[in-house]
Undergrad: 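Structure provided below as structure tokens; questions to follow.
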Amino acid sequence: MIIKIFANSNINDIIYTQEKEWLIMKKREYNVYTNKVDSDKNIAIVSDMHISEETPVEKLIDTLDTLSEIKPTHIVMPGDLYDVDLTTIFNKKVTSFINDATDIAPVFYVKGDSEDRGALYSMKILPKGLENGQNKDFHVLNESNRDFSFDNYTFKGINFTGLKLPQEFYSLSEYNKARYILTHYKEYLEKMSKKIETLKYKGYEDFSVLLCHDPAIIDAITHYNFTENEQLNFDLIISGHNHGGQYPESLRPLFQMIGKGSLYPSYRDGMHFTGDDQIAIVSEGITKYPEGMGFMSNFERFHEGTIENVRVLKK
């Protein structure tokens, strides 16, 4: 039995009693070239963790080990970090994972659809130990809650902006999702874009990243760029949500033949282009199948979680 241990872990009560050959973390690397950085950067994407009371500690340790191997300058989490319930909010699993991650690199995070779901939605709280900015290296973007109203944040030449979408958004069809974003958040996106443009005129032309959990943001921004004849100032858009298509790896060729369709998400994973030198990356995510998918959820133990490493390279 081979067990990888993340040094000095804050995760409590780790007991290695079972084999974890099923737990494989895949790394996928993308290269992005730009003249907006003064040195090369590594942005690691950790999406769709869905941490809950039932989450095996080995899954968290394997994620941290993989991050430690990548040695990122920045870690981004585009949503579904945890599944909200009282046990998640008040136990230390989520907080310990984040504290370990920020020991590797600063973390920039926007909520998805699982964190505020259900009876606790109106409370809009973060797990105990992460509220009120207790960890200075954990940055919650676009969260109108207590002290978490960051519009954007710049660290080491990378500017981060987040777009958090409400629960009602996730019940819409793919077509209506893009329309919803442009109806309700066009002004917000323009505001953030103008902030980035202002920084440019002041001599700070940072590489700009927009985090949004749902890949529908790709269609929304592509449509905006085309219809407005003006490109929003986001160099890289990062999403997750679709769990790599939510199907077993062995069936990937079949689903690739099917292509876009109402029963198959348009953006499953990979790199997409939304404008001139404007790139979007959709993460496969750490948890392949979300809870509640019936027999499909049983396939999760046979499949790789994925951490994407975006290498932002100086031209």
Side-chain angles (χ1 to χ4, degrees), residues 2-18 20 22-25 27 43-112 114-117 120 123-141 143 145-148 150 153 155 162 211 213 240 283 285-287 290-291 300-301 305-307:
I2 300 174
I3 296 294
K4 296 190 291 183
I5 302 175
F6 182 74
N8 301 319
S9 177
N10 293 315
I11 295 180
N12 299 324
D13 302 323
I14 300 172
I15 302 174
Y16 302 101
T17 58
Q18 64 185 79
K20 48 174 281 185
W22 61 270
L23 192 61
I24 304 169
M25 195 63 62
K27 290 182 288 186
I43 301 176
I45 306 174
V46 179
S47 183
D48 295 275
M49 288 289 295
H50 287 277
I51 300 173
S52 69
E53 183 68 22
E54 292 73 32
T55 299
V57 171
E58 291 89 346
K59 175 179 174 180
L60 306 181
I61 295 297
D62 205 48
T63 303
L64 292 166
D65 277 335
T66 305
L67 286 172
S68 188
E69 292 168 7
I70 290 174
K71 296 180 174 63
T73 54
H74 309 75
I75 299 171
V76 299
M77 298 184 179
D80 283 5
L81 170 62
Y82 56 91
D83 292 335
V84 67
D85 56 40
L86 286 175
T87 56
T88 303
I89 292 299
F90 293 107
N91 76 23
K92 297 182 178 179
K93 190 175 286 185
V94 178
T95 301
S96 296
F97 173 75
I98 290 297
N99 288 340
D100 280 340
T102 55
D103 284 343
I104 300 170
V107 173
F108 302 87
Y109 162 65
V110 68
K111 283 185 176 180
S114 73
E115 291 96 337
D116 288 335
R117 183 183 298 140
L120 292 176
M123 296 171 69
K124 297 184 179 179
I125 58 178
L126 289 163
K128 188 174 178 61
L130 295 177
E131 66 272 82
N132 298 323
Q134 290 187 23
N135 185 331
K136 63 180 178 59
D137 293 316
F138 179 57
H139 307 287
V140 183
L141 303 165
E143 170 66 1
N145 172 42
R146 298 178 186 171
D147 297 329
F148 298 98
F150 301 116
Y153 190 92
F155 180 78
L211 303 184
H213 182 58
S283 172
I286 303 300
T287 302
E291 294 180 7
E300 180 189 339
R301 70 190 304 269
T306 305
I307 292 180

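For the single chain, residues carry numbers from 1 onward in sequence order. Since this is a predicted model, take the numbers as computed values, not measurements.
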Undergrad: Any side-chain heavy atom of I104 sitting closer than 4.5 Å to one from P72?
TA: yes
Undergrad: Using the six-membered ring wherever Trp is involved, compare the ring planes of F108 and Y153 and label them parallel, tilted or perpendicular (cut-offs 30° and 60°).
TA: tilted
Undergrad: Measuring from L64:CG to M25:CE, what's the distance to the nearest 0.5 Å?
TA: 9.0 Å
Undergrad: Say you draw a straight line from NE2 of H213 to CG of D80; how long is it, rounded to the nearest 0.5 Å?
TA: 3.5 Å
Undergrad: Looking at every non-hydrogen atom in both residues, tell me the closest pair between I75 and A101 and how far apart they are.
TA: CD1-O, 3.5 Å
Undergrad: Where do L67 and A44 come nearest, in terms of heavy atoms and distance?
TA: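 Reported closest heavy-atom pair: CD2-CB, 3.6 Å.
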Undergrad: Any chance you could lay out the side-chain contact (heavy atoms from CB on, under 4.5 Å) test for T95 and Q134, step after step, and finish with the verdict?
TA: CA-CA 10 Å; T95 301; Q134 290 187 23; over 6 Å; no
Undergrad: Under a 3.5 Å threshold, yes or no: a donor from one side chain and an acceptor from the other, between D48 and T287?
TA: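 Distance-only check fails for D48 and T287.
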Undergrad: Rounded to the nearest 0.5 Å, how far does CZ of F155 lie from CG of D137?
TA: 7.0 Å
Undergrad: What distance do L60 atom CG and I51 atom CD1 have between them, rounded to the nearest 0.5 Å?
TA: 5.0 Å
Undergrad: How close do V76 and P78 get, heavy atom to heavy atom, and via which atoms?
TA: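 Smallest heavy-atom distance, with atoms named: O-CD, 3.7 Å.
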Undergrad: Can you measure from CD1 (I286) to CG (L81) and round to the nearest 0.5 angstrom?
TA: 11.0 Å
Undergrad: What distance do K93 atom NZ and M49 atom CE have between them, rounded to the nearest 0.5 Å?
TA: 10.0 Å
Undergrad: Looking at V46, I307, T306, I61, which hits side-chain contact (heavy atoms from CB on, under 4.5 Å) with T66?
TA: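 Of the listed options, the one satisfying the test is I307.
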Undergrad: Could you report the tightest heavy-atom contact between A105 and H74, atom names first, then the distance?
TA: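 Minimum heavy-atom contact is CB-N, 4.0 Å.
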Undergrad: For T63, give me all partners under side chain to side chain donor-acceptor pair (under 3.5 Å), at least two apart in sequence or on another chain.
TA: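 In terms of side chain to side chain donor-acceptor pair (under 3.5 Å), with neighbours along the sequence ignored, T63 is linked to no residue.
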